[in-house]
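As the structure is a prediction and not an experimental result, all values here were calculated from the model.
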Amino acid sequence: MNYKISNKQVFEQAQLRSVSDVPLTEEELQNGMKLAVSKEDATLALYLVEVDGQKKFEVRWDDSQEYFTGWYSAWENFTWCLNIAGS
């Protein structure tokens, strides 16, 4: 595994069902809730964020960021980035 899970409960929930009921702290509302981070590159991480009152997944790498409404799209992007970072 070339990534580390930061929040196992929410990470697993995201794979099975909606995360719309996941509460975010004030700090997480500002910065996002980190769900997973690359072991190769600490700047590559998968977050749960709230955008305009809706929960979304965000893949951050270096100075770029991309938002996804669905888990599978976000996970596909994150794993693609992991493969690039690991090579």
Side-chain angles (χ1 to χ4, degrees):
M1 219 165 48
N2 51 356
Y3 63 92
K4 184 179 103 182
I5 297 172
S6 301
N7 188 321
K8 187 176 182 187
Q9 180 181 352
V10 177
F11 183 88
E12 290 176 349
Q13 177 178 334
Q15 295 173 58
L16 301 173
R17 61 185 178 89
S18 172
V19 290
S20 62
D21 64 339
V22 173
L24 298 177
T25 66
E26 190 62 40
E27 182 179 335
E28 290 167 341
L29 285 170
Q30 298 294 319
N31 303 314
M33 175 189 286
K34 190 182 291 185
L35 300 180
V37 64
S38 167
K39 289 181 178 178
E40 299 287 326
D41 184 343
T43 68
L44 172 56
L46 174 64
Y47 286 83
L48 177 65
V49 297
E50 191 166 307
V51 179
D52 298 328
Q54 183 181 17
K55 299 282 187 344
K56 294 188 179 204
F57 298 100
E58 179 184 11
V59 176
R60 298 179 193 166
W61 193 10
D62 286 329
D63 60 354
S64 68
Q65 60 194 46
E66 195 164 348
Y67 296 99
F68 301 89
T69 54
W71 168 258
Y72 294 107
S73 299
W75 185 247
E76 185 177 298
N77 184 268
F78 181 69
T79 55
W80 181 82
C81 293
L82 282 173
N83 290 333
I84 302 278
S87 51

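- Other members of a hydrophobic cluster containing Leu16 are absent, since no ILVMFWY side chain comes under 4.5 Å of it, directly or through relayed contacts.
- Remark: Asp52 engages no residue in a side-chain hydrogen bond (donor to acceptor under 3.5 Å, both in side chains) (not counting sequence neighbours).
- For the ring pair (Phe, Tyr, Trp, His ring centres under 6.0 Å) test, no residue two or more places apart in sequence or in another chain qualifies with Phe68.
- In this structure Gln30 satisfies the side-chain contact (heavy atoms from CB on, under 4.5 Å) test together with Glu26, sequence neighbours excluded.
- Contact detail for Ala42 and Val37: the closest heavy-atom pair is O-CG2, 3.8 Å.
- Tracing side-chain contacts under 4.5 Å through hydrophobic residues (I, L, V, M, F, W, Y), one reaches Tyr72 starting from Leu82; they form part of the same cluster.
- Shortest non-hydrogen contact noted between Ala74 and Leu46 is CB-CD1, 4.1 Å.
- To the nearest 0.5 Å, atom CG of residue Asn83 and atom OG of residue Ser38 are 10.0 Å apart.
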Query raised in the report: Can Gln65 and Val59 be said to form a side-chain contact (heavy atoms from CB on, under 4.5 Å), step by step?
Result: CA-CA 6 Å; Gln65 60 194 46; Val59 176; over 6 Å; no

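- Residues in residues 40-51 take part in these salt bridge (Lys or Arg N to Asp or Glu O under 4.0 Å) pairs, two or more places apart or across chains: Glu50-Lys55.
- By the neighbour-count criterion of 12 heavy atoms within 6.0 Å, atom CD of Gln15 is densely surrounded, having more than that number from other residues, nucleotides or ligands.
- No donor-acceptor pair closer than 3.5 Å links the side chain of Gln13 to the backbone N or O of Val10.
- Residues passing the ring pair (Phe, Tyr, Trp, His ring centres under 6.0 Å) test with Trp61: none are found, sequence neighbours excluded.
- Both Leu29 and Val22 are part of a single hydrophobic cluster, where members link through side-chain heavy atoms under 4.5 Å apart.
- Contacts classified as salt bridge (Lys or Arg N to Asp or Glu O under 4.0 Å) and involving residues 4-17 (residues at least two apart or in different chains) are given here: Lys8-Glu12, Arg17-Asp21.
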Query - side-chain contact (heavy atoms from CB on, under 4.5 Å) assessment of Leu44 paired with Phe78 - result: CA-CA 8 Å; Leu44 172 56; Phe78 181 69; 3.9 Å; yes

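- Take Glu76 and apply the salt bridge (charged side-chain N to carboxylate O under 4.0 Å, His left out) test, not counting sequence neighbours, and it matches no residue.
- The ring-ring contact (aromatic ring centres under 6.0 Å, His included) contacts involving residues 4-26 comprise Phe11-Trp71, Phe11-Trp75, where partners must be two or more places apart or lie in separate chains.
- For Glu58, the salt bridge (charged side-chain N to carboxylate O under 4.0 Å, His left out) test picks out Arg60, with sequence neighbours left out.
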Requested in this report: Report the C-alpha separation of Val19 and Phe57 in whole Å, then their side-chain angles, then the decisive distance to 0.1 Å, and conclude whether the side-chain contact (heavy atoms from CB on, under 4.5 Å) test is met.
Outcome: CA-CA 10 Å; Val19 290; Phe57 298 100; 3.8 Å; yes

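- Considering only residues two or more places apart in sequence or on other chains, Gln9 meets the side-chain contact (heavy atoms from CB on, under 4.5 Å) condition with Asn7.
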Requested in this report: Give the C-alpha distance, both sets of side-chain angles, the deciding distance and a yes or no for side-chain contact (heavy atoms from CB on, under 4.5 Å) between Leu35 and Met33.
Outcome: CA-CA 6 Å; Leu35 300 180; Met33 175 189 286; 4.1 Å; yes

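- Listed by chain and number, the residues in a ring pair (Phe, Tyr, Trp, His ring centres under 6.0 Å) with Tyr47 amount to none (sequence neighbours excluded).
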